[in-house]
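Below, all heavy atoms of this structure are taken into account, side chains as well, without hydrogens, waters or symmetry copies. A note on names: the letters A, B, ... follow the listed sequences, proteins ahead of strands, and every chain is numbered from 1.
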Protein chains: 2
Amino acid sequence: MKIKKFIIKGKDIIMQSAREQFFQYLARKKLRFTSQRAIIFDVFWSVDGHVSPEELYRMTKEKDRSIGQATVYRTLKLLSDAGIAREVDFSDGVTRYEPYYGQKHHDHLICQECGQSVEVVDPRIEKLQEELAWQHGFTLSGHSMYLYGYCSQCSGKQA
Amino acid sequence: MKIKKFIIKGKDIIMQSAREQFFQYLARKKLRFTSQRAIIFDVFWSVDGHVSPEELYRMTKEKDRSIGQATVYRTLKLLSDAGIAREVDFSDGVTRYEPYYGQKHHDHLICQECGQSVEVVDPRIEKLQEELAWQHGFTLSGHSMYLYGYCSQCSGKQA
DNA sequence: TTACTGTTGATTCTCAGTATCAAATTCATT
DNA sequence: AATGAATTTGATACTGAGAATCAACAGTAA
Ligand SMILES: [Mn+2]
Ligand SMILES: [Mn+2]
Ligand SMILES: [Zn+2]
Ligand SMILES: [Zn+2]
């Protein structure tokens, strides 16, 4: 109970910080923190998962009928640039976004049967990636890594 | 000279084997090794790089004016299924294909400035990926890993 | 107020990739 | 060779994600 409350409070604080960072980013770029952007941010943050622009569009519409789809796309791009959202691509044709503020970097392990995804990270891999790039004279600025397979439930059903 | 000749000969042998594997695959699936498929295969193989369907379409047209774009798309898909081509996605909006027969698995290191890509592989990373999936109860069937950064030429020009 | 800059939603557009389909080709049997 | 079934083809229409356009709108500062 206490722990859960603590966690929720923690998440809430993070949310406020992220909101603040978004605000700061906009200010720095002389852009405005409009009501639409606020709504989109809030819904996006409350989902806290891997959400496509179209999904988010549907959800924001429930809060505000008048919000346009283009604005959702635009805002997600802004959130990316501000460093509080990240694009993820599970190779199923839709680009998704996930909250990224204060979150450690992670990669994804995806079940090809049921679609569930697990967030994973291995510091040793991260280190080796850096080395690998270095060996080829590259300055590494980022990477994307997706591990595809079958989860414990689904690998039983496999042929 | 001799070495180059040997390499070319080697490549040629591989090409023949890949062609043979394509043929076998088609036979197994009761599909036909048509002239169009042969042409597309040959051009694809001669390019030996990361080529988009549209690029390949343009190139095959130079060999045979009458080949349709749909056939190129279809054939690339067949080559994928046959295990002699692989889709690659450098996150620039186009899916590319690369020959994959007899080639060791590799990942890609991409320069975000000039677009050049380097094929890389680190057995230690591959191993750790396997372990990582295992730890989460997953059976790993594949992965995609792209390292983004700036090559030695381009990192000089960086701001 | 005015002038200016950024924002919005609707709409149109683009572009990769797919679905459709009638005509053509190839294969299997007779 | 003739028949008929199965596969393949290229043209064309279509789809769906995302971007571009644009006129109306909303803050901002003088
Ligand atoms: Mn994630
Ligand atoms: Mn490659
Ligand atoms: Zn599963
Ligand atoms: Zn470069």
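In this structure, NZ of A/Lys30 is placed 12 Å from P of C/dT7, rounded to the nearest angstrom. A/Ile40 places its CD1 atom 13 Å from the P atom of C/dT7, with the value rounded to the nearest Å. Rounding to whole angstrom units, CZ of residue A/Arg32 and P of D/dT28 are separated by 6 Å. Note: CZ (B/Phe33) to C1' (C/dC27) measures 17 Å, nearest angstrom. For B/Ile39 and D/dT9, the CD1 to P distance is 11 Å, given to the nearest whole Å. Across the protein-nucleic acid pair, B/Leu56 atom CG and C/dG17 atom C1' stand 15 Å apart, rounded to whole Å. One interatomic measurement links the two molecules: NZ of B/Lys29 to C1' of D/dT8, which rounds to 17 Å at whole-angstrom precision. Atom CG of A/Leu31 is separated from atom C1' of D/dG27 by 13 Å (rounded to the nearest Å).
The shortest side-chain heavy-atom distance between A/Tyr148 and B/Ser144 falls under the 4.5 Å cut-off. Contact check for B/Ser152 versus A/Phe138: no side-chain heavy atoms found under the 4.5 Å cut-off.
By the ring-ring contact (aromatic ring centres under 6.0 Å, His included) test, A/His136 pairs with no residue at all, sequence neighbours left out.
For residues 141-151 of chain B, there are no salt bridge (Lys or Arg N to Asp or Glu O under 4.0 Å) pairs, not counting sequence neighbours. Screening residues 66-81 of chain A for salt bridge (Lys or Arg N to Asp or Glu O under 4.0 Å), with sequence neighbours left out, gives no hits.
Neither OP1 nor OP2 of C/dT26 sits under 4.0 Å from any side-chain N or O of B/Thr34.
Judged by distance alone, the side chain of B/Arg37 and the main-chain N or O of B/Arg32 form a donor-acceptor pair under 3.5 Å.
The environment of CZ in B/Phe23 is sparse: at most 12 heavy-atom neighbours from other residues, nucleotides or ligands sit within 6.0 Å.
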Trace of the side-chain contact (heavy atoms from CB on, under 4.5 Å) decision for A/His105 with A/Glu126: CA-CA 10 Å; A/His105 161 77; A/Glu126 308 281 323; 3.2 Å; yes

Tell me which donor-acceptor pairs under 3.5 Å the side chains of residues 14-21 of chain B have, and how far apart each pair is, sequence neighbours excluded?
| unit_1 | atom_1 | unit_2 | atom_2 | d |
| --- | --- | --- | --- | --- |
| B/Ser17 | OG | B/Ile13 | O | 2.9 |
| B/Arg19 | NH1 | B/Asp42 | OD1 | 2.6 |
| B/Arg19 | NH1 | B/Asp42 | OD2 | 2.8 |
| B/Glu20 | OE2 | B/Gln24 | NE2 | 2.6 |
| B/Gln21 | NE2 | B/Ala82 | O | 3.0 |

Heavy-atom protein contacts under 4.0 Å, nucleotides 10-25 of chain D, coded B base, S sugar-phosphate only, - none: B------SBS-B----

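Computed from C1' positions of five pairs at each end, the angle between the two local axes of the helix from C/dT1-D/dA30 to C/dT30-D/dA1 equals 20°, rounded to 10 degrees.
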